[in-house]
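Here the structure is laid out as structure tokens; the discussion comes afterwards.
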Protein chains: 2
Amino acid sequence: MQITRETDYAIRCVLYLTSRTDRVVMVDEISREMAAPKSFLAKILQKLVKADIARSFRGVKGGFQLSREPRDITLLDVIEAVEGSIALNACVLDRTACGFSSTCAVHPIWIGLRAEFNELLKKHNFADIAGTKPSSDREP
Amino acid sequence: MQITRETDYAIRCVLYLTSRTDRVVMVDEISREMAAPKSFLAKILQKLVKADIARSFRGVKGGFQLSREPRDITLLDVIEAVEGSIALNACVLDRTACGFSSTCAVHPIWIGLRAEFNELLKKHNFADIAGTKPSSDREP
DNA sequence: TAAAATAGGAGAATATATATCTTATTTTCA
DNA sequence: TGAAAATAAGATATATATTCTCCTATTTTA
């Protein structure tokens with residue numbers, strides 16, 4: 001029921017790139033700034049590239065850069081780039097995952113929840129997130 | 001990003017008990033009907049008892065029964081009974097989980113999403129779910 | 001008091017998440 | 001043109017969490 005640490009790194013990574021759109025940034029720098037293991041982050045960045053969220057440049061002076069406007073990158077985009085399509089229950093993405101699904105009363109609920117949840121995630125883009133003031137929320 | 005199989009069993013288990021509120025049901029029967037391993041299910045039922053979703057009776061003629069009206073048991077109740085408080089990111093439940101949270105622009109988003117998501121789950125109670133017609137949805 | 005059920009702890013087996021390492025490829029620039 | 005600096009990609013190791021089983025204790029019925 002949680003995003004993985006990989007996804008968390010990916011989000012912070014996109015957040016960092018959002019703050020550095022003026023130039024190309026090396027994995028090493030993101031790794032340092034976002035406290036994420038370099039080679040793991042490199043893998044994650046490859047997924048972001050495949051999802052057309054970032055673009056990469058090889059060789060000396062290489063690195064990464066967002067390939068879209070922060071405003072056009074949503075939380076859902078980044079989560080799906082890393083984890084693939086998301087759903088609360090495997091049967092939503094693959095009916096063969098559960099022999100019951102054709103008669104299961106919960107199945108349609110999962111379908112509906114997935115749609116609603118995806119909508120929630122789509123509402124948050126990285127321009128907005130980067131503009132958010134550091135939290136003054138107190139709980140927990 | 002998914003509920004665990006344990007949670008899935010728990011939900012199907014409550015769904016089965018919802019259809020048999022007139023009597024006490026043995027683990028063996030639920031296990032058979034819901035295709036869940038018996039001893040695993042026994043553990044899950046203990047969690048449901050602790051959460052005051054089911055009550056148990058020991059000894060010959062023992063078994064389980066819902067301890068509340070199906071209408072008063074929500075999806076959120078069952079998920080939390082099994083998984084504990086849920087949140088998309090560990091930092092929402094435990095700020096020490098991430099050194100960044102006090103300055104992190106994503107943190108408040110997680111907090112908000114958690115609240116919205118919990119609301120979605122609260123909307124579904126087991127009287128409604130049990131009343132749902134078997135899905136005629138076609139995807140996937 | 002024997003049989004049938006749940007309670008609870010410990011632990012084994014399996015799967016997934018989290019990294020790391022190595023080699024290949026690309027690009028820059030002296 | 002070749003050395004250095006960067007990403008790309010595959011293989012593999014390590015850690016953690018999930019899933020499931022087993023054993024013993026306790027409770028209840030007849």
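Since we're looking at a predicted model, the values are computed, not measured. A note on names: the letters A, B, ... follow the listed sequences, proteins ahead of strands, and every chain is numbered from 1.
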### Message
Nearest whole Å is fine: how far is C/dT16 P from B/Met1 CE?
### Response
16 Å
### Message
If the condition is side-chain contact (heavy atoms from CB on, under 4.5 Å), which residues does B/Ser67 pass it with, not counting sequence neighbours?
### Response
B/Asp52, B/Arg55
### Query
Other than B/Phe57, which residues form its hydrophobic cluster under the rule that side-chain heavy atoms must be closer than 4.5 Å?
B/Val24
### Message
Restricting to side-chain contact (heavy atoms from CB on, under 4.5 Å), what partner residues turn up for A/Asn118, sequence neighbours left out?
### Response
A/Leu76, A/Glu80, A/Ile86, A/Arg114
Could you give the side-chain donor-acceptor pairs of residues 27-36 of chain B under 3.5 Å, partners two or more places apart or in another chain?
{"residue": "B/Glu29", "atom": "OE1", "partner": "B/Arg23", "partner atom": "NH1", "Å": "3.1"}
{"residue": "B/Glu29", "atom": "OE2", "partner": "B/Tyr16", "partner atom": "OH", "Å": "2.4"}
{"residue": "B/Glu29", "atom": "OE2", "partner": "B/Arg23", "partner atom": "NH2", "Å": "2.8"}
{"residue": "B/Ser31", "atom": "OG", "partner": "B/Ala36", "partner atom": "O", "Å": "2.6"}

### Task
Determine the contact category for B/Val27: base if any of its heavy atoms lies under 4.0 Å from a base atom, sugar-phosphate if only primed atoms, P, OP1 or OP2 are that close, otherwise nothing.
sugar-phosphate
### Task
Look at the side chain of B/Lys43 against the base of C/dA7 and say whether a donor-acceptor pair falls under 3.5 Å; ignore hydrogens and angles.
no
N/O-N/O pairs, protein side and nucleotides 27-29 of chain C side, under 3.5 Å:
{"residue": "C/dT27", "atom": "O2", "partner": "A/Val60", "partner atom": "N", "Å": "3.4"}
{"residue": "C/dC29", "atom": "OP1", "partner": "A/Lys61", "partner atom": "NZ", "Å": "3.1"}

### Task
Quickly work out the A/Leu17 CG to D/dT7 P distance and round it to whole Å.
11 Å
### Query
Does the side chain of B/Tyr9 get closer than 4.0 angstrom to OP1 or OP2 of D/dT19 through an N or O atom?
no
### Query
With sugar-phosphate meaning primed atoms plus P, OP1 and OP2, does A/Ser56 contact a base, only sugar-phosphate, or nothing at under 4.0 Å between heavy atoms?
sugar-phosphate
### Query
Sequence neighbours excluded, which residues qualify as salt bridge (charged side-chain N to carboxylate O under 4.0 Å, His left out) partners of B/Arg71?
B/Asp128
### Query
Should the pair B/Phe117 and A/Phe117 be assigned to parallel (<30°), tilted (30 to 60°) or perpendicular (>60°) ring geometry?
tilted
### Task
Calculate the interatomic distance between A/Lys47 atom NZ and C/dT18 atom P; express it in whole Å.
10 Å
